[in-house]
Amino acid sequence: MNLWKRKDEGKMKNRFTSLFFFCFFCGLFAQEKKMYSFEDLANGLKNNNFQLMLLQEEYYRSTLDLNDAKANAGPTVDFQMSGTLMQNKLTEPLYINTKEFYDEIYNEMELPSDLKPDYEGKDIKVFDGIDNTLYNFQVSITQPIFTWGKLFNSIKLYEQISNIKELQIISTQEQLLNELKIRLVSLIRLREIINLIEEAETFSNRMIELSVNAEKAGMLIHQDVVDAQVQSKQLSITKQEIYMQIDTQLEEIVKLTGIQNLTFENIQYVVEENEIMSVMSSDRKEILENALSGEKKSIMILTKLESVSVLAEKIAKGALYWKPDVALQLSGGYGGSKFPFIQEGWQDTNDFSYSISVGIKTTFWDGGKKARDVSRKISETKTAKINQSDARAQITQTLDTQWNTVDLCTLKIDYQDLKIESAQAKIKLKENEYQNGYGTEADVLTAKIDLCNQKIEKVNQTLSRDIACLTIKYLGQE
């Protein structure tokens with residue numbers, strides 16, 4: 001009985017152990033196979049991208065600068081308090097003895113002793129002394145009255161800067177999402193090329209096998225074998241280069257999204273052919289108008305930068321010579337030996353003070369620095385206008401270039417379709433010749449390798465067209 005019991009216990013332990021490892025590896029497998037859609041990657045980009053994080057911090061600092069500018073237009077309240085503890089004779093009462101006082105007077109008069117009055121001495125308080133504490137409180141309020149518009153223009157300036165920072169976040173996010181989509185499309189197309197190369201490698205390896213056998217049979221020279229090996233090696237090199245490009249795209253996607261350990265297998269994305277076709281059939285004039293529209297984030301940023309330069313110019317002109325700033329200052333204070341509102345009788349001594357002041361400050365001359373600062377701001381305003389014009393010209397040029405790429409790639413794709421059709425017909429011809437006995441298998445394999453090469457070139461042209469279309473859509477989207 002004990003033997004059977006031990007066997008049952010051993011079986012149970014083995015079952016629990018097997019179940020544990022099964023669950024463990026299933027968990028690992030499920031974790032490794034987590035799939036990421038475009039929405040998942042886009043959310044990762046919005047939450048984890050370092051560039052967006054930096055821009056968000058810049059926007060936060062711009063709001064603080066704006067609040068500071070608004071505070072500068074309001075009053076400034078300063079408060080000062082001090083307390084002093086004194087230990088000296090002034091804090092004690094002072095007494096004079098009358099006998100000693102009169103004796104000293106009479107002694108100076110040199111009166112005979114029989115003429116000196118006889119009186120009893122008495123202490124008389126001549127000084128009450130002061131408290132050994134002294135408190136001082138001072139409150140001042142300063143309010144700018146007139147500053148030639150510098151304060152209010154500063155508020156407008158920092159409002160524009162804060163708006164620019166906010167627009168930069170939105171614009172950069174749109175740009176990064178478009179970059180993410182381009183890299184995903186590149187991954188898909190590169191993987192298509194890998195599949196075609198692997199198909200061509202199958203044919204190339206068969207070519208090497210046939211060449212080696214033919215050389216042994218004396219039907220081919222060694223040079224033909226080497227040529228087949230060279231062709232196979234070229235395919236391997238190209239395949240490795242494509243894998244390096246795939247790794248680069250994956251690294252950039254990880255950098256964009258902040259999602260680690262991404263592989264091609266756990267990215268769930270399909271190229272939206274309808275989106276590409278929609279861009280190709282869109283109105284090019286309308287897309288250009290949208291790209292140059294004032295509602296476009298990039299154009300709005302440049303317009304606001306120009307406004308910032310204009311406001312900075314106004315502020316500099318408001319600080320020119322002989323333009324005084326006027327401010328009002330109200331001051332009030334208390335200084336006494338009793339702490340106000342706590343010790344009794346603190347208000348009886350009337351130790352209060354207050355004043356109203358109007359301050360005027362201006363610069364008469366500083367060697368021309370303020371005048372040069374105005375000239376500098378005027379130059380910056382002109383530079384902002386030039387930058388906006390240059391940006392519009394660059395957008396126009398970029399769109400023209402991308403449209404030319406789309407047109408050229410479309411022609412090349414059509415051209416490759418014809419070459420693919422021709423290669424497919426050639427394969428059928430070579431297969432018929434081989435089956436009828438007056439052709440070789442090598443001829444069929446060569447035709448099939450050529451078909452793979454034509455398909456690879458078509459994928460390359462398709463990728464270039466897709467990237468151009470996505471760039472056009474980004475630039476011209478409303």
Side-chain angles (χ1 to χ4, degrees), residues 182 184-211 220 223-246 249 264 270-281 400-436 438-472:
I182 287 176
L184 290 173
V185 170
S186 299
L187 272 181
I188 300 299
R189 299 306 187 193
L190 291 173
R191 189 63 197 180
E192 291 177 5
I193 293 176
I194 289 292
N195 294 336
L196 290 170
I197 291 176
E198 290 177 347
E199 183 181 352
E201 281 183 326
T202 303
F203 302 141
S204 180
N205 292 335
R206 178 60 181 163
M207 282 281 291
I208 294 175
E209 182 181 352
L210 292 176
S211 299
L220 288 178
Q223 181 62 42
D224 296 328
V225 177
V226 173
D227 290 340
Q229 292 173 341
V230 168
Q231 185 181 44
S232 177
K233 188 63 67 176
Q234 287 177 341
L235 289 172
S236 299
I237 292 173
T238 304
K239 181 180 177 180
Q240 187 61 36
E241 290 175 346
I242 299 300
Y243 271 124
M244 290 176 62
Q245 293 182 37
I246 289 176
Q249 296 297 334
F264 178 83
V270 177
V271 179
E272 299 178 6
E273 300 291 348
N274 292 334
E275 180 183 15
I276 303 299
M277 295 298 107
S278 175
V279 173
M280 294 176 61
S281 62
D400 289 341
T401 301
Q402 298 303 321
W403 280 124
N404 290 335
T405 301
V406 170
D407 294 338
L408 180 60
C409 289
T410 301
L411 289 174
K412 287 185 176 181
I413 290 171
D414 294 338
Y415 173 67
Q416 289 303 127
D417 285 336
L418 293 175
K419 295 187 72 174
I420 290 171
E421 184 179 354
S422 174
Q424 291 172 339
K426 187 175 181 180
I427 290 173
K428 291 182 180 180
L429 176 63
K430 294 299 180 181
E431 287 177 341
N432 290 332
E433 291 178 353
Y434 174 59
Q435 292 172 358
N436 293 327
Y438 52 88
T440 64
E441 184 180 357
D443 295 334
V444 177
L445 294 173
T446 300
K448 289 183 177 181
I449 291 174
D450 180 62
L451 176 61
C452 290
N453 290 333
Q454 303 306 326
K455 289 181 178 181
I456 289 173
E457 180 60 24
K458 179 182 177 180
V459 175
N460 280 325
Q461 297 302 323
T462 303
L463 174 58
S464 298
R465 183 204 64 186
D466 293 346
I467 293 175
C469 287
L470 291 174
T471 303
I472 291 170

Asks: Looking only at heavy atoms, which two atoms of Val279 and Cys469 are closest? And how far apart?
Replies: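 What the structure gives for the nearest pair is CG1-O, 3.6 Å.
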
Asks: Of all the heavy-atom pairs spanning Cys452 and Phe203, show the shortest one and how long it is.
Replies: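 Minimum heavy-atom contact is SG-CE1, 4.0 Å.
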
Asks: How long is the span from the CG atom in Asp466 to the CD atom in Glu272, to the nearest 0.5 Å?
Replies: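 The CG atom of Asp466 sits 11.0 Å away from the CD atom of Glu272.
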
Asks: To the nearest 0.5 Å, what is the distance between CG on Asn205 and CG on Leu235?
Replies: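 Here the rounded value is 9.0 Å.
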
Asks: How far apart are the closest heavy atoms of Gln402 and Ile472, and which atoms are they?
Replies: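 What the structure gives for the nearest pair is CB-CG1, 3.5 Å.
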
Asks: For a side chain to side chain contact (heavy atoms under 4.5 Å, CB included) check, start with the C-alpha distance between Asn404 and Leu408, then their side-chain angles and the critical distance, and finish with the verdict.
Replies: CA-CA 6 Å; Asn404 290 335; Leu408 180 60; over 6 Å; no

Asks: Give the intermediate values and the outcome of side chain to side chain contact (heavy atoms under 4.5 Å, CB included) for residues Asp450 and Lys426.
Replies: CA-CA 10 Å; Asp450 180 62; Lys426 187 175 181 180; 5.5 Å; no

Asks: Quick check for you: to the nearest 0.5 Å, what is the distance between Phe264 atom CZ and Leu184 atom CG?
Replies: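 It is 10.0 Å, given to the nearest 0.5 Å.
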
Asks: Assess, by modelled atom type and distance only, whether the side chains of Asp443 and Thr440 contain a donor and an acceptor separated by less than 3.5 Å.
Replies: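 Their side chains do contain a donor-acceptor pair, which is all the 3.5 Å distance test asks for.
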
Asks: Using modelled atom types only, decide if a donor and an acceptor are shared between the side chain of Ser186 and the backbone of Ile182 within a distance under 3.5 Å.
Replies: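 Yes, because the side chain of Ser186 sits within donor-acceptor range (under 3.5 Å) of the backbone of Ile182.
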
Asks: Any donor and acceptor pair, going by atom type alone, linking the side chain of Asn436 with main-chain N or O of Asn432 inside 3.5 Å?
Replies: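 Side chain of Asn436 to backbone of Asn432: a pair is present.
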
Asks: Checking side chain to side chain contact (heavy atoms under 4.5 Å, CB included) for the pair Glu201/Ser232: CA distance, chi angles, key distance, verdict?
Replies: CA-CA 6 Å; Glu201 281 183 326; Ser232 177; 5.7 Å; no

Asks: Heavy atoms only: give me the nearest Lys455-Ile420 pair and the separation to one decimal.
Replies: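 Residues Lys455 and Ile420, closest heavy atoms: CG-CD1, 3.9 Å.
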
Asks: Once side chain to side chain contact (heavy atoms under 4.5 Å, CB included) is applied, do any residues pair with Asp414, and if so which ones, sequence neighbours excluded?
Replies: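 Residues passing side chain to side chain contact (heavy atoms under 4.5 Å, CB included) with Asp414: Thr410, Asp417.
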
Asks: Check whether any side-chain heavy atom of Met280 lies under 4.5 Å from a side-chain heavy atom of Arg465, and answer yes or no.
Replies: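 Result yes, sub-4.5 Å side-chain heavy-atom pair found.
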
Asks: Does the side chain of Gln454 pick up a donor-acceptor pair with the side chain of Gln416 at under 3.5 Å?
Replies: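 Per modelled atom types, Gln454 and Gln416 side chains form a pair under 3.5 Å.
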
Asks: So with a 6.0 Å cut-off around NZ of Lys239, is the heavy-atom count from everything else above 12?
Replies: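 It does: Lys239 NZ has more than 12 such atoms within range.
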
Asks: Could you check whether atom OH of Tyr434 has more than 12 heavy atoms from other residues, nucleotides or ligands sitting under 6.0 Å from it?
Replies: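 No, OH of Tyr434 has 12 or fewer neighbouring heavy atoms, counting only those of other groups under 6.0 Å.
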
Asks: Is it true that Lys428 and Glu431 have a side-chain N and a carboxylate O under 4.0 angstrom from each other?
Replies: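 No, no charged N to carboxylate O under 4.0 Å.
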
Asks: About how many Å separate OG1 of Thr405 and CG of Asp400, when rounded to the nearest 0.5 Å?
Replies: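 Output value for this atom pair is 10.5 Å.
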
Asks: Return the minimal non-hydrogen interatomic distance between Ile242 and Leu190, and the atom names on each side.
Replies: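 Ile242 and Leu190 have their closest heavy atoms at CG2-O, 3.6 Å.
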
Asks: Which value, rounded to the nearest 0.5 Å, describes the distance between Gln231 atom CD and Asn453 atom CG?
Replies: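 So the CD of Gln231 and the CG of Asn453 are separated by 7.5 Å.
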
Asks: Any heavy-atom pair between the side chains of Leu445 and Leu210 that's under 4.5 Å?
Replies: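 Yes. Closest side-chain heavy atoms under 4.5 Å.
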
Asks: May I have the step-by-step check of side chain to side chain contact (heavy atoms under 4.5 Å, CB included) for Ile194 and Ile246, ending in yes or no?
Replies: CA-CA 10 Å; Ile194 289 292; Ile246 289 176; 4.0 Å; yes

Asks: For the atom pair CZ (Arg189) and CG (Asn460), what is the distance rounded to the nearest 0.5 Å?
Replies: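 Arg189 CZ to Asn460 CG: 11.0 Å, rounded to 0.5 Å.
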
Asks: Do the non-hydrogen side-chain atoms of Leu470 and Ile276 ever get within less than 4.5 Å of each other?
Replies: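 A side-chain contact exists here, since the closest heavy-atom pair is under 4.5 Å.
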
Asks: Between Gln223 and Asp227, is any side-chain donor less than 3.5 angstrom from a side-chain acceptor?
Replies: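 Looking only at side-chain atoms, Asp227 and Gln223 do form a donor-acceptor pair, the distance falling under 3.5 Å.
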
Asks: Any chance OH of Tyr415 has more than 12 other-residue heavy atoms, nucleotides or ligands included, within less than 6.0 Å?
Replies: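 Counting neighbours around OH of Tyr415, 12 or fewer heavy atoms of other residues, nucleotides or ligands fall under 6.0 Å, so no.
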
Asks: Around atom CD of Glu421, are there more than 12 heavy atoms of other residues, nucleotides or ligands at under 6.0 Å?
Replies: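 No, because the 6.0 Å sphere around CD of Glu421 holds 12 heavy atoms or fewer from other groups.
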
Asks: Can you confirm whether Val270 sits close enough to Ile188 that some side-chain heavy atom of one is under 4.5 Å from a side-chain heavy atom of the other?
Replies: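 The answer is no, as the side chains (C-beta and beyond) never meet within the 4.5 Å cut-off.
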
Asks: Kindly write out the residues that satisfy side chain to side chain donor-acceptor pair (under 3.5 Å) with Ser422, not counting sequence neighbours, or none if the list is empty.
Replies: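 Here no residue qualifies.
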
Asks: Could you pull out the closest heavy-atom pair between Met207 and Ala442, with the gap in Å?
Replies: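 What the structure gives for the nearest pair is SD-O, 3.6 Å.
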
Asks: Does Glu441 come within less than 4.0 Å of Arg206, counting only side-chain N to carboxylate O?
Replies: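 Salt bridge flag = yes for Arg206 with Glu441.
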
Asks: For Glu241, which residues count as a salt bridge (Lys or Arg N to Asp or Glu O under 4.0 Å) partner, sequence neighbours excluded?
Replies: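 Partners of Glu241 by the salt bridge (Lys or Arg N to Asp or Glu O under 4.0 Å) criterion come out as none, since no residue qualifies.
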
